[in-house]
There are 2 protein chains.
Amino acid sequence: MTHNSENFRSNCPINFVLETFGDKWTLLIVRDLMFKSKQYYGEFLKSNEKISTNILADRLQKLESSGVIKKAMDTQNKSKVLYSLTDKGKDLLPIMLEITSWSHKYDDKTNVPENFIKALSTNRASVISQTLSKLK
Amino acid sequence: MTHNSENFRSNCPINFVLETFGDKWTLLIVRDLMFKSKQYYGEFLKSNEKISTNILADRLQKLESSGVIKKAMDTQNKSKVLYSLTDKGKDLLPIMLEITSWSHKYDDKTNVPENFIKALSTNRASVISQTLSKLK
DNA sequence: CTAAGCACTTGTTAAATGCAAGTGCTATGA
DNA sequence: TCATAGCACTTGCATTTAACAAGTGCTTAG
């Protein structure tokens with residue numbers, strides 16, 4: 001969905017991210033690409049949250065058309081499709097890190113490695129560069 | 001929704017915020033409280049995105065039960081209800097600011113004052129303290 | 001050439017949303 | 001004090017979206 005569509009709601013920056021990420025599933029795909037080194041359709045399906053196949057297909061297509069992810073053919077296996085983050089997708093990292101901090105603070109069930117939390121508060125820049133470097 | 005409910009999906013921090021904010025409306029209420037000095041039901045209804053009354057009532061109740069906002073009686077007018085952010089809600093500010101930066105970068109229709117964007121990149125701490133100070 | 005894996009599609013049922021109208025308080029003015 | 005209006009919701013119903021199970025078509029491995 002874009003601001004040009006018939007579903008246009010406002011010019012607000014908060015609203016803009018909601019138009020792309022305002023559901024229960026889309027950001028989980030970004031998470032899997034960004035932090036869990038997943039890149040195949042079948043890998044996204046295996047996440048704990050158990051996304052259904054039609055919703056996954058729908059969200060992958062929407063993320064691609066909004067320029068957050070891109071598709072590529074797996075050069076090793078032509079029946080496989082490789083998904084990856086674009087620069088626009090990688091730029092979501094600061095948002096993801098703030099979300100992680102907030103959840104760590106307010107949800108005692110949230111499971112984030114303690115050294116990641118510590119690095120985040122003491123050396124945020126290197127957390128960012130290390131995370132991005134793994135995305136090649 | 002909490003991690004104890006029957007809808008539990010995972011212990012992931014990204015999933016945790018999606019359980020509360022994973023829809024098209026909830027975060028707009030937080031935005032209105034945080035940046036637009038709104039505090040009444042009728043004020044939220046007037047936002048550009050045009051939330052419907054039943055959805056607004058539902059989201060206000062969910063935000064209250066998740067501890068992000070709190071209700072109070074208006075001391076001037078007993079027929080009015082005052083909504084405000086809790087500390088947990090105010091702690092969403094860094095997330096909101098990162099969202100604002102991302103949308104400003106990737107959506108040319110997004111309308112954020114240029115001096116706010118500039119302050120955000122050069123003096124983030126003071127943007128935070130000034131925003132919070134207006135929330136009393 | 002057959003079987004299995006992978007990335008989706010399709011169909012149906014269940015849930016969430018959008019819209020219009022209504023309800024029950026409180027305040028205000030004649 | 002009694003009618004009117006404002007405010008914060010509720011309710012009912014039509015439409016849209018999501019969940020679940022099953023199926024399809026292409027690719028590759030044996």
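Lettering follows sequence order; numbering is per chain, from 1.
Remark: the backbone N or O of A:Val17 is not paired with any side-chain donor or acceptor of A:Thr20 at under 3.5 angstrom.
Mapping B:Glu43 and A:Ile51 onto DNA chain D via the closest heavy atom, the residue that lands nearer the 5' end is B:Glu43. Between A:Lys78 and B:Leu60, the residue whose closest nucleotide on DNA chain D is further toward the 5' end is B:Leu60.
Here A:Asp58 lies out of heavy-atom contact (under 4.0 Å) with every strand. The residue A:Asp23 sits apart from the nucleic acid: no heavy atom pair falls under 4.0 Å. At a threshold of 4.0 angstrom between heavy atoms, the contacts of A:Phe44 with the nucleic acid are absent.
Look at CG on B:Asn54: it is 17 Å from P on C:dT23, rounded to the nearest Å. Distance A:Tyr83 OH to C:dC6 P: 14 Å, rounded to the nearest Å. Across the protein-nucleic acid pair, A:Arg9 atom CZ and C:dG18 atom P stand 8 Å apart, rounded to whole Å. In this structure, CD of B:Gln61 is placed 16 Å from P of D:dA8, rounded to the nearest angstrom. A straight line from CG of B:Leu63 to C1' of D:dC9 spans 16 Å, rounded to a whole angstrom. Look at CG on A:Leu56: it is 12 Å from C1' on C:dC6, rounded to the nearest Å. Atom pair B:Leu18:CG and C:dA16:P shows a separation of 16 Å (rounding to whole Å applied). One atom, NZ of B:Lys80, and another, P of D:dC9, lie 12 Å apart when rounded to the nearest Å.
The number of heavy-atom neighbours closer than 6.0 Å to CD of A:Glu64, taken from other residues, nucleotides and ligands shown, is above 12. At most 12 non-hydrogen atoms from other residues, nucleotides or ligands lie less than 6.0 angstrom from CD of A:Gln61. The number of heavy-atom neighbours closer than 6.0 Å to NZ of B:Lys70, taken from other residues, nucleotides and ligands shown, is above 12. Around NZ of B:Lys134, the count of heavy atoms belonging to other residues, nucleotides or ligands within 6.0 Å does not exceed 12.
The side chain of A:Val81 lies closest to C:dC8 when the candidates are C:dC8, D:dT10, D:dG6. Checking D:dT28, C:dT26, C:dA7 against every side-chain atom of B:Asn77, the shortest atom distance belongs to C:dT26. Here the side chain of B:Ser79 is nearest to one of C:dT26, C:dG18, C:dC8, namely C:dT26.
OP1 or OP2 of C:dG18 lies within a sub-4.0 Å distance of a side-chain N or O belonging to B:Trp25. Between B:Lys71 and the phosphate of D:dC9, there is a side-chain N or O to OP1/OP2 separation shorter than 4.0 Å. Contact annotation: A:Arg59 does not reach the phosphate of D:dT17 (side-chain N/O to OP1 or OP2, under 4.0 Å).
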